[in-house]
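Remarks on the structure that follows.
Residue numbers start at 1 and run along the sequence shown.
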Amino acid sequence: NIHNIMSNHKLIFLSTDNSGLENEMEVFYNALNEVSVSIKEPNEPYPLLMSFDKATSIKLIRVLKAQVSKIEEEGSNG
């Protein structure tokens, strides 16, 4: 079944230019059937790693959507 095939890729999110940070965040599905988030800081040897079960991942999505909805459109805040 083609729906069971996992793609082999990485998606890296970068901090905003305004933050002054050079952190990178990677989100991926792990072998323990969880969603993992890895945050790497440039001067740290090891990334911070967090893993979430499905229910917690769904809650995180909802919280992120709520926070994103609070962001004003570019150019409309002054």
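Across all non-hydrogen atoms, the minimal contact from Pro42 to Glu22 is CG-CB, 3.6 Å.
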#### Entry: Full working for side chain to side chain donor-acceptor pair (under 3.5 Å) between Asn23 and Ser15
CA-CA 6 Å; Asn23 298 351; Ser15 295; 4.5 Å; no
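Contact check for Val37 versus Ile39: side-chain heavy atoms found under the 4.5 Å cut-off. Taking the side chain as every heavy atom from C-beta outward, Asn30 and Ser51 approach each other to under 4.5 Å. The closest side-chain heavy-atom distance from Tyr29 to Ser36 is not below 4.5 Å.
The line from CD1 of Ile12 to CD of Glu24 is 6.0 Å long, rounded to the nearest 0.5 Å. Note that the CG atom of Leu49 and the NZ atom of Lys40 stand 13.0 Å from one another [nearest 0.5 Å].
By the rule that hydrophobic residues join a cluster once side-chain heavy atoms approach within less than 4.5 Å of another member, Leu60 and Phe13 end up as members of one cluster. Under the 4.5 Å side-chain contact rule for hydrophobic residues, Leu64 and Leu11 share a cluster. The hydrophobic cluster containing Val27 does not contain Leu14, counting ILVMFWY residues as joined when their side-chain heavy atoms lie under 4.5 angstrom apart, directly or transitively.
Side chain of Thr56 to main chain of Phe52: no donor-acceptor pair is present (N/O by atom type, distance under 3.5 Å, no hydrogens or angles).
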